[in-house]
Trainee: 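Before I ask anything, let me first share the structure, which is written out below as structure tokens.
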Amino acid sequence: MVFWVFGYGSLVWNPGFDFDEKIVGFIKDYRRVFDLACIDHRGTPEKPARTCTLEQKEGAICWGAAYCVRGGPEKEKLAMQYLERRECEYDQKTIVSFFKEGDSLHPTLTDVIVFTSTPDKVNNKYYLGPAPLDDMAWQIATAYGPCGNNRDYLFLLEKAMYDIGHEDDLVIELANEVRKVLGVGNVVSKEKKSVGPAQLAHPPHVPIPSRQLHPMPEPIALDS
């Protein structure tokens with residue numbers, strides 16, 4: 001028994017389950033967007049976080065990491081149960097083909113599972129939809145939940161994409177807007193992305209102009 005799952009958010013840097021192989025690569029015709037609410041990890045029902053989901057867009061590619069679980073039905077079941085709890089805001093499992101750098105015509109893997117969400121506020125209570133960049137930045141800068149601050153999720157994703165060598169322009173742009181809200185950190189250039197990990201470090205607790213963040217509770221839930 002074997003299955004592959006594609007991670008494009010927190011799974012890139014923190015898979016959290018027992019896997020046998022990891023491959024960096026991309027899927028086609030999807031792009032990463034921050035249109036999904038998180039109310040139990042990096043946010044709360046009263047103050048939801050914004051986390052990333054996938055939006056279908058012809059010609060787009062989304063880089064991330066594919067994880068393989070092999071070793072029998074029980075191991076596969078445990079991994080999937082963990083993922084379904086962790087990715088509870090995602091209401092769909094989509095099957096995609098996965099490609100490695102250097103060969104965009106022939107998929108390295110087929111039948112790869114990826115957690116996605118229905119882009120419909122009526123049928124999907126977690127779907128927030130798009131918003132102006134500065135509005136998303138303010139929401140991300142101020143939201144927090146049992147696993148930590150929403151802004152740290154974004155900064156960790158920014159660093160994870162840098163670490164795998166495939167940065168995301170939207171992630172960089174949004175992270176820069178959050179830095180402006182916080183009034184801290186270095187702004188990363190989309191034109192010149194050769195920045196080191198040290199430049200992506202951020203203080204864990206920073207006051208926002210004219211508004212004070214609440215203390216972050218200790219992590220008690222699965223990261224996402």
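Just so we're clear, the structure is a prediction, and the values are computed from it rather than from any experiment.
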Trainee: Please tell me if the side chains of V112 and I95 come closer than 4.5 Å, counting only heavy atoms from C-beta onward.
Mentor: no
Trainee: Going hydrophobic residue to hydrophobic residue with side-chain gaps under 4.5 angstrom, can you get from L174 over to V33?
Mentor: no
Trainee: When you compare the side chains of T118 and Q92, does any donor N or O come within less than 3.5 Å of an acceptor on the partner?
Mentor: yes
Trainee: So how far is it from N14 CG to L156 CG, rounded to the nearest 0.5 Å?
Mentor: 9.0 Å
Trainee: Let's go through T94 and F115 carefully: what are the C-alpha distance in whole Å and the side-chain angles of both, what is the deciding distance for side-chain contact (heavy atoms from CB on, under 4.5 Å) to 0.1 Å, and is it a yes or a no?
Mentor: CA-CA 6 Å; T94 302; F115 286 82; over 6 Å; no
Trainee: Do you know the tightest heavy-atom contact between K22 and A65?
Mentor: CE-CB, 3.7 Å
Trainee: Output yes when E74 and K77 qualify as a salt bridge under the 4.0 Å nitrogen-oxygen rule, no when they do not.
Mentor: no
Trainee: Using a strict 4.0 Å threshold on nitrogen-to-oxygen distance, state whether E158 and R179 make a salt bridge.
Mentor: yes
Trainee: Do L78 and F17 have side chains that get closer than 4.5 Å, going by heavy atoms?
Mentor: no
Trainee: What's the shortest heavy-atom distance between I164 and G64, and which atoms?
Mentor: CD1-O, 4.1 Å
Trainee: Less than 4.5 Å apart, any side-chain heavy atom of D29 and any of K57?
Mentor: no
Trainee: Taking the side chain as C-beta and beyond, is there a heavy-atom pair between R50 and L128 under 4.5 Å?
Mentor: yes
Trainee: Give the C-alpha distance, both sets of side-chain angles, the deciding distance and a yes or no for side-chain contact (heavy atoms from CB on, under 4.5 Å) between R31 and D168.
Mentor: CA-CA 10 Å; R31 66 179 179 183; D168 185 307; over 6 Å; no
Trainee: If hydrophobic clusters are built by linking Ile, Leu, Val, Met, Phe, Trp and Tyr wherever their side-chain heavy atoms come under 4.5 Å apart, do Y90 and Y127 end up in the same one?
Mentor: no
Trainee: Roughly how far, to the nearest 0.5 Å, is SG of C68 from CD of E76?
Mentor: 9.5 Å
Trainee: Considering all heavy atoms of both residues, which atom of N124 and which atom of S117 are nearest to each other, and what is their separation?
Mentor: ND2-CB, 3.6 Å
Trainee: Give the C-alpha distance, both sets of side-chain angles, the deciding distance and a yes or no for side-chain contact (heavy atoms from CB on, under 4.5 Å) between C62 and Y8.
Mentor: CA-CA 8 Å; C62 179; Y8 56 91; 3.9 Å; yes
Trainee: Measuring from D152:CG to Y144:OH, what's the distance to the nearest 0.5 Å?
Mentor: 14.0 Å
Trainee: Give the minimum heavy-atom separation between A143 and K47, together with the two atoms involved.
Mentor: CB-O, 4.0 Å
Trainee: Could you check if a side-chain atom of W4 sits within less than 4.5 angstrom of a side-chain atom of D111, using non-hydrogen atoms only?
Mentor: no
Trainee: Taking the side chain as C-beta and beyond, is there a heavy-atom pair between Y153 and F34 under 4.5 Å?
Mentor: yes
Trainee: How far does CH2 of W63 sit from CE of M161, to the nearest 0.5 angstrom?
Mentor: 8.5 Å
Trainee: Apply side-chain contact (heavy atoms from CB on, under 4.5 Å) to residues T142 and R151 and explain how you reach the verdict.
Mentor: CA-CA 8 Å; T142 57; R151 62 187 185 270; over 6 Å; no
Trainee: Using the side chain to side chain donor-acceptor pair (under 3.5 Å) criterion, which residues pair with D18? Sequence neighbours excluded.
Mentor: none
Trainee: Below 4.0 angstrom, N of the basic side chain to O of the carboxylate: do K28 and E58 qualify?
Mentor: no
Trainee: Does K100 NZ have over 12 foreign heavy atoms under 6.0 Å away?
Mentor: no
Trainee: Decide yes or no for R32 and C52: does some side-chain heavy atom of the first lie under 4.5 Å from some side-chain heavy atom of the second?
Mentor: yes
Trainee: Are side-chain N/O atoms of R86 and S10 paired as donor and acceptor at under 3.5 Å?
Mentor: yes
Trainee: Rounded to the nearest 0.5 Å, what's the gap from OG1 on T108 to CD on E101? Could you check?
Mentor: 11.0 Å
Trainee: I need the minimum non-hydrogen distance between F6 and G25, along with the two atoms involved.
Mentor: CE1-O, 4.1 Å
Trainee: Checking S97 against T110: is there a side-chain donor and acceptor pair closer than 3.5 Å?
Mentor: no
Trainee: Would you call R70 and D20 a salt bridge, taking side-chain N to carboxylate O under 4.0 Å as the test?
Mentor: no
Trainee: Identify the two heavy atoms, one from F155 and one from A175, that lie closest to each other, and give their separation to 0.1 Å.
Mentor: CE2-O, 3.8 Å
Trainee: From F3 CZ over to Y67 OH, what is the distance, rounded to the nearest 0.5 angstrom?
Mentor: 12.5 Å
Trainee: Do E167 and V171 come within less than 4.5 Å of each other through their side chains, counting heavy atoms only?
Mentor: no
Trainee: In this structure, which one of V114, L36, V96 forms a side-chain contact (heavy atoms from CB on, under 4.5 Å) with L54?
Mentor: V114
